[in-house]
Structures are given as structure tokens and as C-alpha cells.
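Report on the following structure.
Since the structure is predicted, the reported quantities are computational estimates derived from the model, not experimental observations. FYI, the numbering just counts along the sequence from 1.
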Amino acid sequence: MTSNQSKHTGTAHRAPTPPPPRWAVRAAHLIPLTVLPSGLWRLALACGYPGGYTRQGFDQLHVHGRGLVYVVALSVLSEGLALLALGLVRPWGEVPPRWVPFMGGRPLRPRAVVGTAAAGAVLLTLFWAPLLWWWAIPHPDMTPAGRTVVGFLYLPLVAWGPLLAAVTASYHRRHRRTPAPAGSASASTPLPVASLDAHHPSRP
């Protein structure tokens with residue numbers, strides 16, 4: 001047996017990464033939709049629409065100058081972060097496109113992806129979970145109707161963290177390093193010449 005053959009037989013055969021299940025794909029596509037209602041509401045504020053605030057409450061928001069930039073940037077950034085969840089069910093979540101700075105064309109480490117996404121899921125869950133008590137908190141700067149509408153616009157954000165956690169768990173299961181079936185490994189490994197001769201004693 002040559003050294004190349006011994007290296008080949010000693011190398012663990014890895015099974016190809018299976019495709020994501022349908023539920024994970026749907027959950028990943030739901031994540032940007034959970035962010036969209038509140039983002040559109042903030043953009044409406046940037047355009048001068050009170051958005052459920054009283055006149056005094058809207059004036060106190062200072063949605064102009066730096067405040068305007070902050071509201072628009074927050075909406076765009078939130079939606080962009082939500083769209084990153086699609087990478088957990090798409091090939092670019094394993095190898096980013098070449099135009100991506102520093103990482104383009106290089107395979108991502110599944111552990112790093114899972115760790116980052118899991119941490120994000122925990123932080124998002126802790127940050128948005130208090131919205132469940134939105135209607136139990138007084139909002140004197142909003143009209144009664146505005147308080148109700150804004151509560152429903154922000155309520156989908158509560159699902160952002162749990163959905164991301166579920167999709168991250170699916171990504172982790174698909175990228176666990178599991179050896180390929182023994183039959184496929186043995187079929188792809190050439191037998192030593194000596195063993196072939198042993199099975200064929202009549203060969204010169």
C-alpha cells in the first residue's frame with residue numbers, strides 16, 4: 001500500500017450537507033416579515049406621519065436632523081439583519097459570494113455561524129419579549145387607537161428570536177460532521193495489490 005493510499009483510507013469520509021427542511025426555509029423567510037411592519041412604521045414617522053402619537057408626543061420624538069437619520073438607519077439595519085437569516089437555508093450561508101469583503105469565496109466555519117446566530121437569537125428574544133406587556137404599560141404620549149395599532153405592529157418582533165433559534169438549530173443539525181456510510185467509504189477505497197493477489201492465487 002502506498003503512502004497516498006494509506007492517507008486516503010485514514011481520512012474520514014464526510015457525508016454531503018443535506019438540504020434544509022421545508023419548515024426551516026419557511027421560518028427563515030418569516031423572519032424578515034416580523035421586522036417589516038415596525039420598520040415601515042418608523043419610515044412613516046420619518047416622513048412626518050404622527051404614527052399614533054399625539055402632537056406633543058410626536059414633537060418630543062425629534063424626528064428631524066440626527067433623529068431622522070437614526071430612525072431611517074434603524075429601520076434599514078433591522079431589516080438587513082433579519083435578511084441574514086436566509087443564509088442559514090441558502091448556499092451563501094456556507095460560502096459567501098466573492099464580492100463580500102474579507103469572506104467572499106471562503107467557506108464559513110459552521111461552528112462560528114451557529115455561535116453567532118444562537119447568540120443573536122438569545123439577545124433578540126430577551127430584547128423583544130417585554131413587548132408582550134405592551135398594553136399593560138401606559139403610553140400617555142400616544143392616542144388610544146395609536147397605542148393599539150403600534151402594539152400590533154411591534155408584536156411580530158417577539159417571534160424574531162425564537163424563529164432564528166429554530167432555523168439555527170436546523171443549520172447545526174445539517175452541518176454536524178458525521179462520517180459517510182461504511183459501504184460508501186469502502187467502495188471508494190482501492191484495495192491493496194497484495195490483497196487482490198491473495199484472492200487470485202493463479203495470477204503470476
Side-chain angles (χ1 to χ4, degrees), residues 20 23-54 57-94 96-97 99-104 108 110 112-139 141-143 145-172:
W23 69 262
V25 175
R26 293 174 180 173
H29 282 81
L30 278 177
I31 290 176
L33 296 180
T34 64
V35 184
L36 187 60
S38 58
L40 293 177
W41 176 76
R42 284 192 295 268
L43 293 178
L45 293 178
C47 293
Y49 180 69
Y53 282 97
T54 62
F58 182 73
D59 292 339
Q60 291 176 351
L61 287 178
H62 302 292
V63 188
H64 53 77
R66 292 184 179 179
L68 178 63
V69 175
Y70 170 78
V71 169
V72 175
L74 180 61
S75 300
V76 174
L77 179 62
S78 299
E79 194 64 34
L81 290 176
L83 288 170
L84 287 178
L86 296 177
L88 298 174
V89 295
R90 290 289 181 265
W92 56 267
E94 300 173 1
W99 54 265
V100 176
F102 307 109
M103 298 186 299
L108 298 176
V113 175
V114 171
T116 303
V122 172
L123 292 176
L124 289 168
T125 301
L126 295 176
F127 187 80
W128 293 117
L131 284 174
L132 293 172
W133 292 272
W134 169 268
W135 291 276
I137 302 173
H139 299 277
D141 54 347
M142 307 189 77
T143 65
R147 173 172 170 266
T148 301
V149 172
V150 172
F152 281 112
L153 291 177
Y154 269 82
L155 190 60
L157 290 170
V158 177
W160 187 358
L163 285 174
L164 181 58
V167 179
T168 301
S170 173
Y171 182 94
H172 172 65

Under 3.5 Å, is there a donor-acceptor pair between the side chain of T143 and the main chain of G52? yes

Go through the steps to decide whether L164 and L88 satisfy the test side-chain contact (heavy atoms from CB on, under 4.5 Å), and finish with yes or no. CA-CA 9 Å; L164 181 58; L88 298 174; 3.8 Å; yes

Where do A24 and V89 come nearest, in terms of heavy atoms and distance? O-CG1, 3.8 Å

Checking the side chain of Y171 only, and the main-chain atoms of G93 only, is there a donor and an acceptor separated by less than 3.5 Å? yes

Minimal non-hydrogen separation, E79 against P32, with atom names: OE2-O, 3.0 Å

Using distance only, find each side-chain donor-acceptor pair of residues 118-139 under 3.5 Å and give its atom names and separation, not counting sequence neighbours.
from : atom 1 : to   : atom 2 : distance (Å)
T125 : OG1    : A121 : O      : 2.8
W134 : NE1    : R147 : O      : 2.8
H139 : NE2    : W134 : O      : 3.3
H139 : NE2    : I137 : O      : 3.2

Kindly say whether A82 contributes a backbone atom to a donor-acceptor pair with the side chain of W160 at under 3.5 angstrom? no

V71 backbone acceptor or donor facing S75 side chain under 3.5 Å: yes

Determine yes or no for a side-chain-to-main-chain donor-acceptor pair under 3.5 angstrom, with S38 supplying the side chain and L153 the backbone. no

Atom pair CH2/CG of W23 and L30 - distance to nearest 0.5 Å: 12.0 Å

Taking every heavy atom of A28 against every heavy atom of A85, the minimum-distance pair comes out as CB-O, 3.9 Å

Taking all non-hydrogen atoms of both residues into account, name the closest pair between Y53 and W41 and its distance. CE1-CZ2, 3.5 Å

Shortest non-hydrogen contact from V72 toward A46: CG2-CB, 3.9 Å

Rounded to the nearest 0.5 Å, what's the gap from CG on L74 to CG on L43? Could you check? 9.5 Å

Could you tell me which non-hydrogen atom of W92 sits nearest to which non-hydrogen atom of L84, and how far apart they are? CH2-O, 4.0 Å

Look up atom CG in L157 and atom CD1 in I31, then write down how far apart they are to the nearest 0.5 Å. 11.5 Å

Evaluate the side-chain proximity of P37 to F152: yes if any heavy-atom separation is below 4.5 Å, no if none is. no

